[in-house]
Each structure stands twice: as C-alpha cells, then as structure tokens.
Amino acid sequence: MAMKMRAAYYEAFGSADQIKVGELEVPELKEGEVLVRIKAAAVNPVDSAVREGHLKQFLPINFPAIPGWDVAGVVEDRGFSARRFAVGDEVYAYARRPLVQHGTFAEYIALPESYLARKPQNLSFEETAGIPLVGLTAYQSLFDAGNLQAGQTVLILGASGGIGTLGIQLAKNCGATVIGVASQKNHAFMQELGAHHTIDYNGQDVGEAVKAIAPDGVDLIFDAASGETLTQSLKALKPDGKLVSILNQGQDLDKNLNFQYVFVEPNSAELDILCELAEAGKLKVHVSQTYPLDQAAEAMRQIETHHTKGKIVIVP
Ligand SMILES: NC(=O)c1ccc[n+]([C@@H]2O[C@H](COP(=O)([O-])OP(=O)(O)OC[C@H]3O[C@@H](n4cnc5c(N)ncnc54)[C@H](OP(=O)(O)O)[C@@H]3O)[C@@H](O)[C@H]2O)c1
C-alpha cells in the first residue's frame with residue numbers, strides 16, 4: 001500500500017478558500033528521481049496564480065494539486081540510477097515540473113535528481129527554501145538576460161519582496177550600483193541588503209526620481225512590479241540600456257526597446273552558484289514569517305497582498 005503524507009491541496013481552481021489540508025499518497029519514486037522529506041517550502045505569488053487557473057494554458061494540472069515550487073529538505077530515498085545524492089543529504093530545489101500536481105506544501109516530494117543542489121550549510125532550512133524560485137529568477141534576469149556588469153547601474157522595481165531582496169544582493173555583489181524601488185517603509189531594509197539608492201513608488205514619478213540619482217540613466221531595469229512604476233521608469237533607461245521583465249511580456253511596449261521577458265527555469269548549476277554565494281556570506285534570506293502546513297491558505301493570502309517583505313515559508 002502506498003505511504004501517506006500530510007499535504008495542502010486543491011481540487012478545483014479558485015481562491016485560497018479552495019485549499020484543504022489532509023492526507024494524500026506520497027508521490028511514487030521513478031527512475032532517476034529522489035524522494036525529498038520537505039523541511040521548508042517558500043511561498044511565491046505564482047502559487048496563487050496557478051491555483052487561480054491563470055497558467056492553465058501553459059501548465060497542465062492534475063487534481064488534487066499540491067501548491068508550492070520551492071523546497072529545502074533531506075534526501076529520504078533514491079530511485080534506480082539516482083546516485084548524485086546520498087540518503088540523508090540536505091538539498092534544495094526549484095521544483096516546477098511540466099505537470100502541476102506534486103508541489104512542496106507537503107511532507108514529501110519526488111524530483112529528478114538533476115533539479116537538486118546541495119543546501120547552503122550556513123543557512124536554516126527556512127532560509128534555504130526562500131532561495132530557489134526568486135534566486136534563480138533574479139540570477140537569470142540580471143545575468144543571463146540582462147548581462148549586468150560591474151560598474152553598471154541597475155534599477156530594480158519591486159525591490160523589497162522575494163525577487164528584489166535576492167536581486168539587490170546579486171547585483172551589488174557583481175559590482176553594480178543598485179537603485180531599489182519599493183514603499184518608504186522598506187527603504188532601510190533595502191539599504192541593509194545593499195541598495196545604494198532607494199525610491200518610493202508612491203507620490204512621485206519614479207523615472208524622474210531615478211534621473212535625479214543617475215542623470216545619464218540606468219543600464220538595466222529589472223522589472224518585478226510593472227504597471228505605472230514600469231511606465232514611469234522607462235524614461236530613465238539609457239538609449240542602449242535593456243529592460244528585463246518577469247511580468248510584462250512586451251505586448252504594450254515600444255518595439256524599439258531592448259527588451260526580454262524571463263520565465264524562470266529550473267537550473268541546479270545556478271543553484272550551486274547561489275549556494276556558494278550564501279556560504280560566502282554574500283546572500284542572505286529574510287524570512288518575515290513562517291506558517292505551519294495547516295495555515296497554507298493563510299500563507300497564500302499573505303503572498304497575494306503583493307507587499308510581503310523578503311520571504312514567507314511553510315514548515316510542514
Ligand atoms: N516570470 C517569472 O519567472 C517570475 C518569477 C518570480 C516572480 N514573478 C512575479 O514577479 C512579481 C514579484 O515577485 P515577488 O516574489 O518578489 O513578490 P513579493 O514577494 O510579493 O514582492 C512584491 C514586491 O513588489 C513591491 N511593490 C508592490 N507594489 C508596487 C508598485 N506599485 N511599484 C513598485 N513596487 C511595488 C513590494 O514593495 P512594498 O511592499 O514596499 O510595496 C514588494 O517589494 C510577482 O508578480 C511574481 O508573480 C515572475
């Protein structure tokens with residue numbers, strides 16, 4: 001008989017009210033996969049978008065579906081040919097699969113071992129769980145798409161949440177000057193993370209505020225906020241600068257803009273880089289709140305405010 005585990009899940013698209021917590025079968029371990037006992041799972045805005053059905057055109061789903069794509073945990077078992085990690089190893093991963101069904105708001109998940117990386121030794125499981133999705137997104141946006149270089153200036157829109165807090169640190173660490181945009185109450189927080197300048201998106205034109213700091217404009221805009229904040233910011237992009245957005249897919253943008261949309265991909269080699277940075281003390285994760293599995297719906301309601309500071313994490 002299949003082993004059972006506790007999990008948060010939903011059986012139809014809808015609001016956080018759809019979330020139930022109960023017993024489901026532990027996912028079957030297939031060839032090349034590793035069974036991970038989940039110690040912590042971070043919550044991301046996309047978990048709510050998937051639950052609401054906004055991604056169903058791109059990502060097929062099997063109900064009951066367990067939300068959650070971020071995991072830190074311990075290797076419990078290995079499928080045939082999975083030999084990169086030993087039972088007992090502490091690992092972390094960005095766990096998005098082509099089919100939405102087995103997420104990380106649960107006690108166990110089976111993942112291809114190629115998704116996994118070694119957990120940073122100096123971080124807790126809760127802090128570690130806060131890295132994969134936002135860390136990979138920031139890394140792929142700033143460096144793979146944005147080609148950010150030392151000496152350049154980057155403007156990060158939405159710089160106090162999950163993406164921004166990792167983005168500020170990665171950009172600063174590469175030698176860039178960082179301008180972070182978020183509400184006033186988070187400015188000291190962004191400066192502690194390494195932002196050289198901070199701008200409030202309330203009560204002023206963000207682009208004019210950026211030009212007062214960088215009169216020649218910025219080399220890169222990393223957009224994790226979009227809307228009016230992005231529209232205002234574009235006037236502060238250098239003529240040869242680049243816009244990388246993780247929200248705007250370009251339909252309403254000037255076609256002459258050097259623009260790229262990024263949708264984060266699993267990449268364990270990049271997780272290894274993020275692990276090294278964390279172990280060198282160059283990447284910290286601010287966990288603003290943890291929730292037990294029973295409060296998974298509450299955690300999802302918090303992320304839906306779009307004003308989470310750092311990361312929130314579910315501990316099953
Ligand atoms: N394409 C992809 O691969 C990808 C990957 C990850 C995330 N995303 C998307 O990127 C967005 C950010 O993700 P996240 O995890 O960082 O979210 P989050 O943790 O909820 O953070 C939201 C951030 O946006 C700021 N913000 C809210 N309204 C703003 C406005 N009008 N102007 C500027 N900043 C504003 C908040 O600052 P205050 O609290 O100070 O207002 C906070 O810093 C989400 O919509 C998410 O779905 C896309």
Side-chain angles (χ1 to χ4, degrees), residues 41-52 54-55 58-59 67-70 94-96 129-146 155-171 178-193 195 198-207 209-210 221-234 236 243-250 259-267 270 285-289 299-313:
V43 185
N44 290 283
V46 74
D47 301 322
S48 299
V50 172
R51 191 203 60 228
E52 284 163 4
H54 298 315
L55 276 74
F58 318 104
L59 295 173
W69 286 346
D70 267 335
Y94 169 44
R96 172 168 68 80
I131 294 180
L133 193 151
V134 293
L136 289 176
T137 307
Y139 192 93
Q140 290 167 17
S141 300
L142 291 170
F143 305 125
D144 297 345
L155 174 66
I156 303 181
L157 309 179
S160 62
I163 295 289
T165 53
L166 279 270
I168 287 173
Q169 295 175 79
L170 290 173
V178 183
I179 307 174
V181 177
S183 58
Q184 184 66 42
K185 67 176 186 304
N186 286 318
H187 284 201
F189 175 59
M190 292 190 287
Q191 285 155 17
E192 278 162 33
L193 292 166
T198 51
I199 292 174
D200 189 355
Y201 59 82
N202 292 297
Q204 63 178 334
D205 183 291
V206 175
V210 175
I221 297 177
F222 174 26
D223 169 40
S226 266
E228 197 54 28
T229 302
L230 172 60
T231 309
Q232 292 173 2
S233 298
L234 290 175
L243 166 65
V244 174
S245 181
I246 56 174
L247 288 171
N248 192 310
Q249 299 193 30
F259 163 75
Q260 192 169 335
Y261 169 74
V262 167
F263 189 71
V264 57
E265 296 169 3
N267 186 323
E270 290 179 347
V285 181
H286 176 89
V287 178
S288 54
Q289 204 173 343
M300 295 187 94
R301 287 188 191 100
Q302 166 55 38
I303 206 72
E304 287 161 27
T305 66
H306 301 297
H307 295 289
T308 296
K309 182 175 176 183
K311 294 300 300 174
I312 57 170
V313 172

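All figures in this text were calculated on a predicted structure; none of them were measured in a lab. One-based numbering, in listed order, for ligands and for the atoms of each. The basis for the numbers below is simple: all heavy atoms, side chains too, and nothing from hydrogens, waters or symmetry mates.
Under the 30°/60° scheme for interplanar angles, the aromatic rings of Tyr261 and Phe263 are found to lie parallel.
With sequence neighbours left out, Pro266 forms a side chain to side chain contact (heavy atoms under 4.5 Å, CB included) with Tyr94, Arg96, Tyr115. Scored by the side chain to side chain contact (heavy atoms under 4.5 Å, CB included) test, Glu265 finds Gln140 as partners (sequence neighbours excluded).
For ligand 1, the polar-atom distance check against Ala225 finds no nitrogen or oxygen pair separated by under 3.5 Å. For ligand 1, the polar-atom distance check finds no N/O of Leu157 at less than 3.5 Å from any of the ligand's N/O atoms. When only interatomic distances are considered, the shortest N/O to N/O separation between Asn44 and ligand 1 does not fall below 3.5 Å. When only interatomic distances are considered, the shortest N/O to N/O separation between Ile163 and ligand 1 falls below 3.5 Å.
Looking at atom 12 (C) of ligand 1, its nearest protein heavy atom turns out to be Ala224 O, 3.4 Å. Protein heavy atom at the shortest distance from atom 9 (C) of ligand 1 is Leu247 CD2, 3.7 Å. Ranking the protein heavy atoms by distance from atom 47 (O) of ligand 1 puts Pro45 CB, 3.4 Å first. Protein heavy atom in closest approach to atom 3 (O) of ligand 1: Val264 N, 2.8 Å. Ser160 OG, 3.1 Å is the protein heavy atom nearest to atom 37 (O) of ligand 1.
The closest heavy-atom contact to atom 20 (O) of ligand 1, among the options His306, Gln140, His187, Lys311, comes from His306.
Under 4.0 angstrom from ligand 1, the non-hydrogen atoms of Thr137 all belong to its side chain. Contacts between Ile246 and ligand 1, counted as non-hydrogen atom pairs separated by less than 4.0 Å, involve both the backbone and the side chain. With a heavy-atom cut-off of 4.0 Å, Ala49 does not touch ligand 1 at all. Counting heavy atoms under 4.0 Å from ligand 1, residue Tyr201 touches it through the side chain alone.
For the pair Glu304/Ser48, a side-chain contact is recorded, criterion being any heavy-atom separation below 4.5 Å from C-beta on.
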**Q.** Asp223 and Asn248: CA distance, side-chain angles, deciding distance, side-chain hydrogen bond (donor to acceptor under 3.5 Å, both in side chains) verdict
**A.** CA-CA 8 Å; Asp223 169 40; Asn248 192 310; 5.5 Å; no
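Close approach to Gly161 involves these atoms of ligand 1, each under 4.0 Å from a residue heavy atom: 16 (O), 19 (O), 21 (O), 42 (C), 43 (O). Residue contact check: Leu133 has heavy atoms under 4.0 Å from atoms 5 (C), 6 (C) of ligand 1.
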